[in-house]
Protein chains: 2
Amino acid sequence: MKSKGILSQQLELYFMDNINKAILLELQRNSRLSMRKLAALIHMTAPAVTERVRRLEEQGIITGYTIRIDQQKINPIIEAYVETFMKSSHHQEFLKFVQAQKEIRECHRISGNACYLLKIEVPDQGTLNTFLEALLTYANYRLNIVIASTVKDA
Amino acid sequence: MKSKGILSQQLELYFMDNINKAILLELQRNSRLSMRKLAALIHMTAPAVTERVRRLEEQGIITGYTIRIDQQKINPIIEAYVETFMKSSHHQEFLKFVQAQKEIRECHRISGNACYLLKIEVPDQGTLNTFLEALLTYANYRLNIVIASTVKDA
DNA sequence: GGTGAAAACTAGTCGGC
DNA sequence: GCCGACTAGTTTTCACC
């Protein structure tokens with residue numbers, strides 16, 4: 001086994017050829033594929049593809065195997081994007097608030113008008129109201145309720 | 001086997017007990033679990049859990065098995081949320097534009113100030129510029145570039 | 001919904017290219 | 001870095017309770 005210098009190790013770290021791209025694409029479409037079937041899809045053998053998948057995991061490119069769930073079928077929710085304008089510069093406290101509030105699904109620090117863009121999900125208007133009152137402690141906001149969405153698959 | 005009336009069939013359609021919730025949670029954490037291991041985790045037997053998963057798929061609650069990918073490691077991108085203000089009411093044409101532009105990852109019709117909130121991903125500033133010029137045909141916009149993000153797991 | 005066994009499939013390893 | 005074959009173990013899928 002050949003030893004490698006630091007540089008080549010780093011270059012290799014995020015090396016991404018067409019085969020790896022194909023692997024990611026197929027696993028994204030169906031993560032339950034066995035290594036054999038995956039190998040067949042990309043015209044390779046199981047051991048080779050297994051090793052590549054192992055590396056993709058090791059490098060943190062594949063960060064998990066999960067399912068897509070139709071949340072709306074389970075319990076309908078109200079989605080909203082909330083632009084927040086910090087009242088003071090207590091960002092640390094605000095970020096703690098973000099972590100604590102389960103209604104907040106995403107928090108994006110953005111340039112431009114607002115300080116943060118929050119994506120929230122609440123079961124009903126009452127919960128929304130409570131949440132917004134809590135938010136007011138930290139920031140003024142502009143509420144954008146989602147009426148319809150199109151999300152493209154990766 | 002007891003026959004069921006139309007009503008009970010419909011009620012059953014989205015029936016979601018704690019066991020099904022547990023199944024979804026575990027599969028969300030690891031979709032490659034075998035039915036056996038999944039069954040062990042939720043204190044059931046494999047055939048029982050297999051049947052439940054089959055139904056969850058059939059009902060469209062589980063819509064796919066996929067992987068989480070660290071996109072930033074593969075090719076760093078600029079993410080932005082773009083609020084758009086329609087110049088005219090040609091929504092149909094705009095929605096065609098949304099479908100056609102691969103830079104647009106999500107499109108949310110929202111109440112409030114803007115008409116739509118777009119989430120876009122571009123590889124560089126040049127692409128961003130080209131995209132925004134194309135967008136200007138349909139709408140005025142407010143650009144919010146993402147500096148940092150926290151996304152919570154479902 | 002549980003059980004047990006048969007049939008099918010799987011990941012992992014090996015020498016060789 | 002990849003292949004093909006082999007093996008030991010695991011998984012799914014039944015019929016039946």
Side-chain angles (χ1 to χ4, degrees), chain A residues 1-69 74, chain B residues 1-5 7-69 73-74:
Chain A
M1 206 172 281
K2 261 201 308 191
S3 74
K4 288 168 189 166
I6 293 281
L7 184 60
S8 70
Q9 279 180 28
Q10 285 181 342
L11 282 176
E12 191 187 42
L13 190 58
Y14 301 138
F15 179 66
M16 195 47 52
D17 62 7
N18 285 332
I19 295 175
N20 278 357
K21 280 182 190 167
I23 289 172
L24 291 178
L25 186 67
E26 293 298 341
L27 283 180
Q28 205 162 41
R29 287 165 55 162
N30 180 10
S31 65
R32 296 208 59 147
L33 283 171
S34 67
M35 292 302 110
R36 279 191 172 189
K37 286 181 184 165
L38 178 58
L41 281 171
I42 60 176
H43 307 296
M44 272 193 142
T45 55
V49 91
T50 304
E51 177 61 13
R52 277 171 177 267
V53 169
R54 197 191 59 72
R55 281 208 191 156
L56 288 169
E57 291 170 357
E58 194 179 69
Q59 293 169 9
I61 291 172
I62 294 177
T63 62
Y65 297 84
T66 186
I67 52 174
R68 275 192 298 267
I69 297 177
I74 299 173
Chain B
M1 205 173 280
K2 259 201 309 189
S3 74
K4 288 169 190 168
L7 183 60
S8 69
Q9 280 179 27
Q10 285 181 341
L11 282 176
E12 191 186 40
L13 188 58
Y14 303 135
F15 178 66
M16 193 52 48
D17 62 8
N18 284 334
I19 295 176
N20 279 355
K21 281 182 189 166
I23 288 173
L24 291 178
L25 187 67
E26 293 299 341
L27 283 179
Q28 206 160 42
R29 286 166 55 162
N30 180 11
S31 65
R32 297 207 61 148
L33 283 171
S34 67
M35 291 302 111
R36 270 195 179 188
K37 286 181 183 162
L38 177 58
L41 282 170
I42 61 176
H43 307 296
M44 271 195 142
T45 55
V49 91
T50 304
E51 177 62 14
R52 278 170 178 266
V53 169
R54 198 192 60 71
R55 281 205 191 158
L56 288 169
E57 292 169 358
E58 194 177 70
Q59 294 168 10
I61 290 173
I62 294 177
T63 63
Y65 296 83
T66 188
I67 52 174
R68 274 192 298 266
I69 297 177
K73 279 200 181 157
I74 300 173

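Per chain, numbering begins at 1; letters A, B, ... match sequence-line order. Predicted model only: the values in this text are computed from it and were never measured. These numbers come from the heavy atoms of this one structure, side chains and all, not from hydrogens, waters or symmetry mates.
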Return the value, rounded to whole Å, for the distance between atom [atom1] of [X] and atom [atom2] of [N].
X: K37(A); N: dA11(C); atom1: NZ; atom2: C1'; value: 14 Å
X: R32(A); N: dT10(D); atom1: CZ; atom2: P; value: 17 Å
X: R54(B); N: dT13(D); atom1: CZ; atom2: P; value: 11 Å
X: L38(A); N: dC2(D); atom1: CG; atom2: P; value: 13 Å
X: E51(B); N: dT11(D); atom1: CD; atom2: P; value: 20 Å
X: I19(B); N: dG1(C); atom1: CD1; atom2: P; value: 6 Å
X: D17(A); N: dG1(D); atom1: CG; atom2: P; value: 10 Å
X: L33(B); N: dT12(D); atom1: CG; atom2: C1'; value: 15 Å

Open item on the list: Between R54(B) and E51(B), does any side-chain N to carboxylate O distance fall below 4.0 Å?
Closed with: yes
Nearest of [options] to any side-chain atom of [X]?
X: S34(B); options: dT12(D), dT13(D), dC2(D); result: dT12(D)
X: T45(A); options: dC2(D), dC14(D), dT12(D); result: dC2(D)
X: M44(A); options: dT11(D), dT10(C), dC2(D); result: dC2(D)
X: P47(A); options: dT10(C), dT12(D), dG4(D); result: dG4(D)
X: A48(B); options: dG1(D), dG1(C), dA11(C); result: dG1(C)

Side-chain contact test, heavy atoms from C-beta onward, threshold under 4.5 Å: evaluate it for [X] versus [Y] and give yes or no.
X: L33(B); Y: R32(A); answer: no
X: E57(B); Y: Y65(B); answer: yes
X: L24(B); Y: N20(B); answer: no
X: T45(A); Y: V49(A); answer: no

- [ ] Using heavy atoms to find the nearest nucleotide of DNA chain C for R36(B) and A46(B) separately, return the residue whose nucleotide is more 5′.
- [x] A46(B)
TODO: Considering just the side-chain nitrogens and oxygens of R55(A), establish if one lies under 4.0 Å of OP1 or OP2 belonging to dG1(D).
DONE: yes
- [ ] Pick base, sugar-phosphate or nothing for R52(B), based on heavy-atom distances below 4.0 Å to the nucleic acid.
- [x] sugar-phosphate
